[in-house]
Novice: 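I'd like to ask some things about the structure below.
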Amino acid sequence: MKAFIVRTLLIIVSVLIIIQLWIFSSLVYWRTNPVENTMFMRWTYLSDFKPIQHEWQAYDDISDHFKHAIIAAEDARFIDHHGFDWTGIEDALQKNMKKDKVVAGGSTISQQVAKNVFLWQGRSWLRKGLEVYFTFVIEKVWGKQRILEMYLNTSEMGIGVFGIEAASEYYFNKPAKDLTKNEAARIAAALPLPRKYNVNPPSSFISRRASHIERQMRNIQGSADLEKVLGE
């Protein structure tokens, strides 16, 4: 019995070590190399049985307008937090309590990258716990600019459309580097539910939200700290 317990513990420890090595090697490799597919892309392909539209685009070849639009729309405190926006989480909890249902999430760009690249969709304590772990690690290993680059290249921006290069071609027939401010804001406006909202031509909701995002973009542009992170 004792020998069985020891063997079981050794197997568990070995598996955990292998998982840690896989995680570390992936993080190091993806720190400088393009990501061709993610866990989210694979799950989407298996569930939809349709080809995935995705093309990795280098950070410098993505419109600055879209970088500003994403931060304005998804995570205004991106450069200030260390993966978790506690103020945003508190605000989301208050909104949810007031409505007595989930109407806000409070997830940061870093959390969304951790979930999209390494994990599966859905709500469970296990997935949330792993999301916290991966968010902490990528903040330490990748840094802000690489995390943003990952988000721009791996987020779903339409049905089966992943990354801003594929989205830009899909909606506007142009490369991501040529997106205008309004086009960038319209794509960013759909990201909470990219499978629901139409970007081009825009629905009334997208038009209103894009106008709001453009105002927020003007507010954050010119920030020395932001431009340092964005590498502009």
Side-chain angles (χ1 to χ4, degrees), residues 19-44 52-86 88 105-121 127-128 130-157 161-168 175-179 184 187-188 191 194 217 220-221 223-232:
I19 292 173
Q20 287 292 335
L21 289 173
W22 171 77
I23 291 171
F24 180 76
S25 61
S26 297
L27 288 167
V28 171
Y29 180 80
W30 283 338
R31 186 177 183 180
T32 55
N33 290 282
V35 176
E36 299 301 331
N37 61 76
T38 65
M39 187 67 74
F40 187 18
M41 292 181 198
R42 289 191 287 271
W43 275 106
T44 300
I52 296 297
Q53 297 182 54
H54 173 251
E55 182 181 348
W56 180 275
Q57 187 58 270
Y59 185 82
D60 291 338
D61 290 327
I62 297 174
S63 168
D64 292 340
H65 293 314
F66 193 66
K67 297 169 189 174
H68 286 110
I70 285 301
I71 292 175
E74 294 290 292
D75 191 356
R77 301 182 185 91
F78 176 65
I79 63 170
D80 298 317
H81 63 64
H82 299 287
F84 307 96
D85 181 4
W86 301 111
S107 291
T108 63
I109 286 174
S110 303
Q111 287 175 270
Q112 293 180 60
V113 168
K115 176 183 66 177
N116 290 341
V117 175
F118 295 101
L119 303 174
W120 61 94
Q121 302 301 300
R127 194 199 61 75
K128 201 64 180 178
L130 290 172
E131 179 186 305
V132 169
Y133 168 75
F134 278 108
T135 299
F136 175 81
V137 174
I138 65 175
E139 280 275 340
K140 297 297 183 182
V141 177
W142 288 348
K144 292 293 186 181
Q145 188 179 112
R146 182 59 173 178
I147 290 172
L148 180 60
E149 183 177 22
M150 282 285 188
Y151 185 91
L152 301 176
N153 276 289
T154 62
S155 296
E156 188 175 29
M157 301 183 184
V161 179
F162 287 85
I164 186 54
E165 184 66 20
S168 183
K177 65 180 179 180
D178 294 334
L179 284 172
I187 295 175
L191 287 191
M217 290 166 67
I220 66 175
Q221 283 177 328
S223 165
D225 291 337
L226 177 63
E227 306 309 328
K228 182 179 179 180
V229 168
L230 295 182
E232 298 171 1

Novice: So that I can tick it off, tell me whether Arg77 and Asp85 are bridged by a salt bridge, with the cut-off set at under 4.0 angstrom between side-chain N and carboxylate O.
Specialist: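 Salt bridge flag = yes for Arg77 with Asp85.
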Novice: So, does Glu165 use its side chain to make a donor-acceptor pair with the main chain of Ala176 at under 3.5 Å?
Specialist: yes
Novice: Using a 6.0 Å distance limit plus a 45 degree cone around the ring axis, check whether Lys67 lies over the aromatic ring of Tyr59.
Specialist: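 Here Lys67 passes the 6.0 Å and 45° test against Tyr59.
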Novice: Using the ring of Phe78 (Phe, Tyr or Trp, six-membered ring only), decide whether Lys144 places NZ or CZ under 6.0 Å from its centre and within 45 degrees of its axis.
Specialist: yes
Novice: Spell out, as yes or no, whether a donor-acceptor pair under 3.5 Å connects the side chain of Ser63 to the backbone of Lys177.
Specialist: no
Novice: Between Tyr151 and Gln112, is the side chain to side chain contact (heavy atoms under 4.5 Å, CB included) condition met? List the steps.
Specialist: CA-CA 8 Å; Tyr151 185 91; Gln112 293 180 60; 3.4 Å; yes
Novice: Measure the shortest side-chain to side-chain distance between Met39 and Lys115 over non-hydrogen atoms and say whether it is less than 4.5 angstrom.
Specialist: no
Novice: Using the side-chain hydrogen bond (donor to acceptor under 3.5 Å, both in side chains) criterion, which residues pair with Glu156? Sequence neighbours excluded.
Specialist: Arg195
Novice: Taking Glu139 for the side chain and Phe136 for the main chain, is one N or O donor matched with an acceptor at less than 3.5 Å?
Specialist: no
Novice: CH2/Trp142 to CD/Glu149 distance, rounded to the nearest 0.5 angstrom?
Specialist: 10.0 Å
Novice: Rounded to the nearest 0.5 Å, what separates atom CD1 in Ile52 from atom OG1 in Thr44?
Specialist: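 Here the interatomic distance stands at 5.0 Å.
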Novice: Let me see the working for His65 and Leu179 under side chain to side chain contact (heavy atoms under 4.5 Å, CB included), right down to the final yes or no.
Specialist: CA-CA 7 Å; His65 293 314; Leu179 284 172; 5.6 Å; no
Novice: Stepwise, does the side chain to side chain contact (heavy atoms under 4.5 Å, CB included) test hold for Val113 with Phe134?
Specialist: CA-CA 9 Å; Val113 168; Phe134 278 108; over 6 Å; no
Novice: Name each donor-acceptor pair under 3.5 Å that joins a side chain in residues 27-38 to protein atoms two or more places apart or in another chain, with its distance.
Specialist:
{"residue": "Arg31", "atom": "NE", "partner": "Val141", "partner atom": "O", "Å": "3.2"}
{"residue": "Asn33", "atom": "ND2", "partner": "Tyr29", "partner atom": "O", "Å": "2.8"}
{"residue": "Asn37", "atom": "OD1", "partner": "Arg42", "partner atom": "NH1", "Å": "2.2"}
{"residue": "Thr38", "atom": "OG1", "partner": "Phe40", "partner atom": "N", "Å": "3.4"}
{"residue": "Thr38", "atom": "OG1", "partner": "Met41", "partner atom": "N", "Å": "3.2"}
{"residue": "Thr38", "atom": "OG1", "partner": "Asn116", "partner atom": "O", "Å": "3.3"}

Novice: Hey, does the side chain of Ser168 reach the backbone of Ile164 with a donor-acceptor pair shorter than 3.5 angstrom?
Specialist: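 No; judged by distance alone, with no hydrogens or angles, the pair does not exist.
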Novice: Once you round to the nearest 0.5 Å, how far does OG1 of Thr108 lie from CG of Asp80?
Specialist: 12.5 Å
Novice: Could you walk me through whether Asn153 and His54 pass the side-chain hydrogen bond (donor to acceptor under 3.5 Å, both in side chains) check?
Specialist: CA-CA 8 Å; Asn153 276 289; His54 173 251; 5.1 Å; no
Novice: Any side-chain heavy atom of Ile187 within less than 4.5 Å of one from Phe66?
Specialist: yes
Novice: So which atom in Ala188 and which in Ile70 form the shortest heavy-atom distance, rounded to 0.1 Å?
Specialist: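 Closest pair (atom of Ala188, atom of Ile70, distance): CB-CD1, 4.1 Å.
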Novice: Of all heavy-atom pairs between Ser110 and Ile138, which one has the smallest distance, and what is that distance?
Specialist: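 That closest heavy-atom pairing would be O-CD1, 3.5 Å.
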Novice: In Å, rounded to the nearest 0.5 Å, how long is the span from OG of Ser107 to CG of Asp75?
Specialist: 9.5 Å
Novice: Distance from Thr135 atom OG1 to His81 atom NE2, nearest 0.5 Å?
Specialist: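 One finds 9.5 Å between OG1 of Thr135 and NE2 of His81.
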